[in-house]
Amino acid sequence: MSLEIDPTTTHATNPVVTPGNDPVKRSRTNDERHTDGAELETASEKPTESFAEIALRLGGASVDEAQRTGVIDTADDQVEDLFAEQHKTIHSPIHRAVWDRHVPTELFAPNLALPSGDVAHVVDRSLSIVRTHRKLGSLVDGNGKISDEVLRDLGDAGYWGLLVGQEYGGSGATMRDFARMITQMATIDPTVAGLASVHGCIGAVDPLRAFGSEDQKRRFLPGLADGTRLSAFALTEPGAGSDLTALRTTAVRDGGDYVVNGEKLFITNATFGRTIGLVCKIDGVPSVLIVELPQQETESFRINRYGIYALRRAQNNGLIFKNFRVPAANRLVPRHGDGLTIAYHGLNLGRVSLCANAAGAMRWMLAEMLPWARYRETYGQAIEKRELVRRRVGQLAGLIVACDALTHWCANLLDQGYRGEMECIIAKIFGSEAQKEAAIELFMKTHGGRSFLAGHLFGDNVHDFLAPCIYEGEGEMLGMAFFKSLVKQHGKQHFEPIGRTLHERGIKTPSLVNPTHLWALRRPMLGYAKWYLGRTLHRSQWRKLPGETTSQELDRHVRFAQRYLSASGMEISGTMRQHQLKLADRQCRMSTLSLRIQNAVTLLVTALYAAGQNDPVTRAAADTVCRELKRRITGGHPSDGDFRQVTTLGATIAEEGWNELLGVESGAILQGYK
């Protein structure tokens, strides 16, 4: 959870390193990279022109935009090279669901494994610490920030080292363990939960784990594990957010140091004494330095403080460097690519954590809604009896289950070594939008004017509930990045040969009635015709899961999602044919197509997740959100049966409770009355 990264047109990747695709083990050692003082091979390599650059130029984009997009596209290819073949994007669950004719359904079924005893002990201690501080009123200090005492207590418990390997003083938790903890912590305090994600997922921990040399790991990871050096990742600048090619912070080699000059903005968890991953340009190449910030302002470093509503209980500051010296040995070097590769690498962990955080925060909202709905009366009757309120309770339960399903699914894929880019984008977008909907449409409207009282969960946290829609990538822009990743291989296989042929022949406006154009395109068009005919004649087959499912309704949701995803490849390809080189400018069309596919994936994952649950309330909640997702895809309207289903669910939760709310504490009712 962080405001500092807004890579809305970039491609993220999975930071979990597995045997066979460890970017550190396959790179040169730190000594080999730095003893001669020469710049690195990866920094001097000039990337070849990508087809994305050619396509944009042919489509009328400026040279500057085409080149910048080409840099991002090349960086995406370099990130892809970090992964084993079976875990790359073209073998990801979503890519296979859309483009393959044979799809293993089990790729979409979340795997719910329990954490190890050591990890469970750390989590239990951490939850107890924050719960105790919340009860004592000592969670925040006099400045309204999470107190240093809380941060130290959590460090003693091992909280900050969950994702650090045991050999460096951490717990070596899996992403499934970590995500489950985030959800649990968010029911007590979403900010504390988010800080764990900032520190471990998009801070300095992941870059060091994935790209650090052994010397760098041993120098930095122990302090990051015990919390003596909390971390952040400094990427965003005043003029560089979604356009990461606009970075202006520089580092120049001077003997054994780099001299840094520049400014960073919206850096969460950045203050004096923290360790940051600093993205800067070295000889014009994006690079990452591990920087230990001083304990106070100096002539070469100062903090830019500003008022900000979101994350107000966390440190969120700007950083200004003027001739600031960093040891050259602190430079991280990826085996492929440059600093952008490192920057993208940790984003997926952060996106899954965001969805997990939303699942916990919404549990807290629901736990606050129920006693209020029992207490508040209108016209002599508690509002929990009103159909609209029951619908809100049922809808909120559905959003919680869907976030749980996406969180477990994505975390499991990352643990297996998948890149997981598209899957984690879905989790981020759905989680952030679900939390926004829950906060505004369900929670606030149920509590009415009391929502805006100081001390109310909504009033005190509304900006935190809304901000995830823009950090870790603004939703719609990130949805287009999802779409571009989904169509990239299809475009390279079938449309790139056409585009390159046109480029080589100097044809800017192709016409199939022109015999010269038709003859020039005969070979690439033949390959596409074979693909099109094959998809038309042969239906996709989804492998059935073993065992009996517990709900016919969930089965129907699964089948609907499978049919829709299998058919979407033809719709996408048709859109690419229609708009051709102008597709990059059709943002509304890409966003709409992307969202429907995202909804279908969420529907499928949620239905499969709920089918494996024994709790009938959880299954009913999944049915509720799956019905809504189906309506979003088809453009339908809720039926009377839909209303009965969701209000019955809401009544059950209001009257009998729900296992998913056990241990979630609600606050006192504000401005009570007799």
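Here the structure is a predicted model, which means the values were calculated and not measured.
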Between [X] and [Y], what is the shortest heavy-atom contact and its length?
{"X": "Ala356", "Y": "Ala179", "answer": "CB-O, 3.4 Å"}
{"X": "Phe178", "Y": "Ser353", "answer": "CE2-OG, 3.6 Å"}
{"X": "Ile182", "Y": "Ser197", "answer": "CD1-N, 4.4 Å"}
{"X": "Pro334", "Y": "Ile342", "answer": "CD-CD1, 3.8 Å"}
{"X": "Pro524", "Y": "Thr501", "answer": "CG-OG1, 4.2 Å"}
{"X": "Gln598", "Y": "Gly479", "answer": "NE2-CA, 3.8 Å"}

(request) Kindly indicate, with the supporting measurements, whether the criterion salt bridge (charged side-chain N to carboxylate O under 4.0 Å, His left out) is fulfilled by Lys436 and Glu441. (result) CA-CA 8 Å; Lys436 180 185 71 173; Glu441 299 298 329; over 6 Å; no
Checking [X] side chain against [Y] main chain: does a donor-acceptor pair fall under 3.5 Å?
{"X": "Asp338", "Y": "Leu340", "result": "yes"}
{"X": "Glu423", "Y": "Leu413", "result": "no"}
{"X": "Arg176", "Y": "Thr407", "result": "no"}
{"X": "Thr105", "Y": "Arg543", "result": "yes"}
{"X": "His517", "Y": "Ser511", "result": "yes"}
{"X": "Ser432", "Y": "Ile429", "result": "yes"}
{"X": "Lys428", "Y": "Gly473", "result": "yes"}
{"X": "Asp415", "Y": "Met175", "result": "yes"}
{"X": "Ser568", "Y": "Leu565", "result": "yes"}
{"X": "Ser591", "Y": "Glu476", "result": "no"}

(request) Decide side-chain contact (heavy atoms from CB on, under 4.5 Å) for Phe233 and Val279; before the verdict, give the C-alpha distance in whole Å, the side-chain angles of both, and the deciding distance to 0.1 Å. (result) CA-CA 8 Å; Phe233 198 75; Val279 183; 3.5 Å; yes
(request) Is it possible for you to check whether Lys630 lies under 6.0 Å from the centre of the six-membered ring of Phe560, through NZ or CZ, and within 45° of that ring's axis? (result) yes
(request) Take Leu163 and Asp206 through the side-chain contact (heavy atoms from CB on, under 4.5 Å) test and state the conclusion after the steps. (result) CA-CA 8 Å; Leu163 290 177; Asp206 177 72; over 6 Å; no
(request) Would you check, one step at a time, whether the test side chain to side chain donor-acceptor pair (under 3.5 Å) holds for Glu80 with Thr89? (result) CA-CA 8 Å; Glu80 195 80 3; Thr89 298; 3.1 Å; yes
(message) Quick check: Trp409 with Tyr609 (ring centres under 6.0 Å apart)?
(response) no
To the closest 0.5 Å, what do you measure between [atom1] ([X]) and [atom2] ([Y])?
{"X": "Leu526", "Y": "Leu521", "atom1": "CG", "atom2": "CG", "answer": "12.0 Å"}
{"X": "Cys626", "Y": "Leu554", "atom1": "SG", "atom2": "CG", "answer": "6.5 Å"}
{"X": "Leu486", "Y": "Ile90", "atom1": "CG", "atom2": "CD1", "answer": "12.5 Å"}
{"X": "Asn599", "Y": "Tyr564", "atom1": "CG", "atom2": "OH", "answer": "8.5 Å"}
{"X": "Ile425", "Y": "Met480", "atom1": "CD1", "atom2": "CE", "answer": "11.5 Å"}
{"X": "Leu593", "Y": "Met576", "atom1": "CG", "atom2": "CE", "answer": "11.0 Å"}

In terms of side-chain heavy atoms, does [X] have a donor or acceptor partner in [Y] at a distance below 3.5 Å?
{"X": "Gln562", "Y": "Ser566", "answer": "no"}
{"X": "Asn111", "Y": "His408", "answer": "no"}
{"X": "Thr624", "Y": "Gln395", "answer": "no"}

(message) By the side chain to side chain donor-acceptor pair (under 3.5 Å) test, which pairs, at least two apart or in different chains, include something from residues 521-536?
(response) Tyr528-Ser573, Tyr528-Arg577
(message) If you count heavy atoms of other groups shown closer than 6.0 angstrom to CD of Glu433, is the number above 12?
(response) yes
Does the side chain of [X] reach to within under 4.5 Å of the side chain of [Y], using non-hydrogen atoms?
{"X": "Leu107", "Y": "Arg96", "result": "yes"}
{"X": "Val605", "Y": "Ile426", "result": "no"}
{"X": "Tyr471", "Y": "Thr268", "result": "no"}
{"X": "His345", "Y": "Val79", "result": "no"}
{"X": "Val333", "Y": "Phe211", "result": "no"}
{"X": "Asn514", "Y": "Ile507", "result": "no"}
{"X": "His87", "Y": "Arg419", "result": "no"}
{"X": "Leu629", "Y": "Phe430", "result": "yes"}

Does [X] come within less than 4.0 Å of [Y], counting only side-chain N to carboxylate O?
{"X": "Glu504", "Y": "Arg500", "result": "no"}
{"X": "Lys264", "Y": "Glu237", "result": "yes"}
{"X": "Arg631", "Y": "Asp642", "result": "yes"}

(request) Assess whether side-chain contact (heavy atoms from CB on, under 4.5 Å) is satisfied between Leu347 and Ile202, documenting all intermediate values. (result) CA-CA 6 Å; Leu347 289 176; Ile202 58 176; 4.2 Å; yes
(message) Angle between ring planes, His490 versus Trp99, binned at 30° and 60°: parallel, tilted or perpendicular?
(response) parallel
(message) Would Ile597 and Phe482 count as a side-chain contact (heavy atoms from CB on, under 4.5 Å) here? Give the steps.
(response) CA-CA 10 Å; Ile597 294 170; Phe482 167 89; 4.0 Å; yes
(message) Show, in sequence, the C-alpha distance, side-chain angles and deciding distance for Thr575 and Glu571, and conclude whether the side chain to side chain donor-acceptor pair (under 3.5 Å) test is met.
(response) CA-CA 6 Å; Thr575 302; Glu571 182 180 9; 5.6 Å; no
